[in-house]
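As structure tokens, the structure follows; a few thoughts come after it.
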Protein chains: 2
Amino acid sequence: MDDRYVAGGLISRCEHCAVRNGAVCGALKPDEIEHLNRIVRRRTVKPGETILSDEEPADFLANIVSGVIKLTKTLSDGRQQIVGLQFAPDFLGRAYGASHRYFAEAATEVELCCFPRAEFEKLLVIYPDLEHRLFERTLRELDAAREWMVLLGRKTAEEKVASFMVMLARRSAIIGCGGKDPQDVARFMMPLTRADIADCLGLTIETVSRQITRLKVQSVVRVLDSRSFLVPSMDRLCAAAGLDSTEI
Amino acid sequence: MDDRYVAGGLISRCEHCAVRNGAVCGALKPDEIEHLNRIVRRRTVKPGETILSDEEPADFLANIVSGVIKLTKTLSDGRQQIVGLQFAPDFLGRAYGASHRYFAEAATEVELCCFPRAEFEKLLVIYPDLEHRLFERTLRELDAAREWMVLLGRKTAEEKVASFMVMLARRSAIIGCGGKDPQDVARFMMPLTRADIADCLGLTIETVSRQITRLKVQSVVRVLDSRSFLVPSMDRLCAAAGLDSTEI
DNA sequence: CCCAACGCTTGATACAAATCAAGGAGAGCG
DNA sequence: CGCTCTCCTTGATTTGTATCAAGCGTTGGG
């Protein structure tokens, strides 16, 4: 199997990941890559399919090669909250304690690079640096979760939707379509349905739709089609999101 | 210095912590305790004082010996959200990356057991198990944050207040005041003001106050005084919190 | 002692977002 | 082609929570 896929984001010589994750993705030695190649298994998941459930223990962990995964929690009466989004080249799964406390569901078509749990835990012993990188990742996930708590608890519907767009633009934008400042113009795809956005933001689909319309009317974003957007000024979008320039 | 205080929750022979944190708190060898005793420094913080700021890098990490610490984030216009509460014997501070992304403020009088950052990072090298325990802790914090996201995004004001009481009762209750089932009667102290509760739950103080009154009228809780509560039936409180028995 | 400050509660009113309801655009299919 | 289905938008109405406002009890200081 191609190193690029073994790589994903966590264990990686993959250029893409190295750029995105900087120091976390230290290069592995050839024999380590070789080792990984032997235990890894590729898998493709269709949109809407469940990848991990909170009921059955997960027997694998995975690098996300492409696509978007929703981590969801659902109350007994059906109210749902998305507690995390994972994009390539994120890492899916918990190293310790096999059981997940939430569902992982494919939001788009997803390609995974799976490590059987038992094998992966052996890796943790063999390559001590691996646990450290997992730890760094978990710290960043915690920061993101806490950032999101501010959004859920204290932002208005318009700020929530704008913040969501900022997050997406930053994570997946094709930046700088001709403008002199690369921050000036960002185009991005929306990998989620309105229902998913609502579950992310603690809103209803109608409110999400209305707020997108409002941002469109104010010319904060241009809606190319319901799944792709253009941001004329990142600063204005950030202002609508209630973020000052100092923030992430 | 007494081992109990060196211990806190993270690095510990402390019985209290061992009970609360189980396997995470492996016993240290006598020379390790000795090593810790040499670098640790005790500190007391008054309610309302800032312990860590997101502006200046933190030069220390700490075990919480007693008291409650709020982790807060504030938007530029002053709206505030509490993104975490830490009780004794939790661990305060980030191992990697000195800068905090939030404020840590004493909610009550707090006693800390501080490790200078430089010394602590040497410890991480000397005792590899230490990083692992920190990692486990971080995973639990992440779970708690995601649990809280469901509350912030999808629960009603009444469910939020009831959930908050469940959390407090579980973390700090004097359980089983005479009832045959230890789950039957729980009494707990409220270490936070109404304003803090509101900032935790994404509500206003007025709404918090009204919902506490509602729970009182429904006899879900008895208000002994504005800072202490009695829960006649944990099951009823959980029902009011929108938690089924299977949940945390 | 009085007075101000603080934390908390309660009431009246306003408003943002939910809910209820209808319809349009596009995809897939017989 | 017509059909259904899903996703999305928009409008009318309701409702839960915020906001504004007043007052109570306790604490601490002059």
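Numbers restart at 1 for each chain; the letters A, B, ... are given by sequence-line order, proteins then strands.
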Please write out each protein N/O paired with an N/O of nucleotides 13-15 of chain C under 3.5 Å, distance rounded to 0.1 Å.
none

Polar atom pairs (N or O), protein with nucleotides 4-6 of chain C, under 3.5 Å:
none

Check the interface with nucleotides 22-26 of chain C: list each N/O to N/O pair with the protein under 3.5 Å, or write none.
none

Protein-to-nucleotide contact annotation, 5' to 3' order, nucleotides 11-25 of chain D [B base; S sugar-phosphate only; - none; under 4.0 Å, heavy atom]: BB----SSBB-----
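In the helix from C:dC1-D:dG30 to C:dG30-D:dC1, the end axes, each obtained as the rotation axis mapping the C1' atoms of four pairs onto the next four within a five-pair block, lie 20° apart to the nearest 10 degrees.
With sequence neighbours excluded, the residues that form a side-chain hydrogen bond (donor to acceptor under 3.5 Å, both in side chains) with B:S228 are B:D225. Under the rule for a side-chain contact (heavy atoms from CB on, under 4.5 Å), the partners of B:Q86 that lie at least two apart in sequence or sit in another chain are B:I64, B:I69, B:L71, B:D90, B:L92, B:E141. By the side-chain contact (heavy atoms from CB on, under 4.5 Å) test, A:Q211 pairs with A:A157, A:E158, A:V161, A:T207, A:R214, sequence neighbours left out. For A:T193, the side-chain contact (heavy atoms from CB on, under 4.5 Å) partners at least two apart in sequence or on another chain are A:A195, A:D196, A:R227. Taking A:R154 as the reference, B:D199 meet the salt bridge (charged side-chain N to carboxylate O under 4.0 Å, His left out) condition, with sequence neighbours excluded. Take A:T50 and apply the side-chain hydrogen bond (donor to acceptor under 3.5 Å, both in side chains) test, not counting sequence neighbours, and it matches no residue.
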Using atom types as modelled, flag every donor-acceptor pair under 3.5 Å from a side chain in residues 215-222 of chain A to any protein atom, sequence neighbours excluded.
none

